[in-house]
Amino acid sequence: RMGTTWAANLNALGTEIAAFSAERLKQDIAAQQAFFACTSLQDVQQLRATYMQTTVDQYLAETSKMIDMAGKVAANLQADQAPHQHATPL
């Protein structure tokens with residue numbers, strides 16, 4: 001059971017990382033296209049400020065989500081190992 005749970009948890013983490021990375025790539029490409037469409041320095045500055053704030057917010061949220069997921073992985077691993085622990089080392 002421990003191997004299956006561990007693999008499922010790692011798969012969930014990997015899927016989350018891949019989904020976040022794919023979404024960020026789409027947004028980065030869209031931002032690049034928007035930068036090319038800017039017609040003034042003011043447009044560039046506004047777009048840059050919005051892009052940077054959005055990016056930082058998304059990375060902070062994703063980091064928090066990954067920390068929560070990793071905590072659950074650790075808790076599940078600890079719970080899976082508990083029945084196998086002995087009072088005295090073997």
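Values below: all heavy atoms of this structure, side chains included; hydrogens, waters and symmetry mates excluded.
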Look up atom [atom1] in [X] and atom [atom2] in [Y], then write down how far apart they are to the nearest 0.5 Å.
| X | Y | atom1 | atom2 | result |
| --- | --- | --- | --- | --- |
| Asp57 | Met52 | CG | CE | 11.0 Å |
| Lys65 | Glu16 | NZ | CD | 3.5 Å |
| Ile17 | Glu62 | CD1 | CD | 8.0 Å |
| Ile67 | Thr63 | CD1 | OG1 | 6.5 Å |
| Arg48 | Leu41 | CZ | CG | 11.0 Å |
| Gln33 | Cys38 | CD | SG | 12.5 Å |

Would you kindly say whether [X] and [Y] are connected by a side-chain donor-acceptor distance under 3.5 Å?
| X | Y | answer |
| --- | --- | --- |
| Gln58 | Thr54 | no |
| Gln32 | Asp28 | no |
| Arg24 | Gln27 | yes |

query = Is Met66 reachable from Tyr59 through a run of hydrophobic residues whose side-chain heavy atoms are each under 4.5 Å from the next?
reply =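 As far as the 4.5 Å side-chain criterion goes, Met66 and Tyr59 are not connected within one cluster.
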query = Does one hydrophobic cluster hold both Tyr51 and Val44, with members joined at side-chain heavy-atom distances below 4.5 Å?
reply =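 Different clusters.
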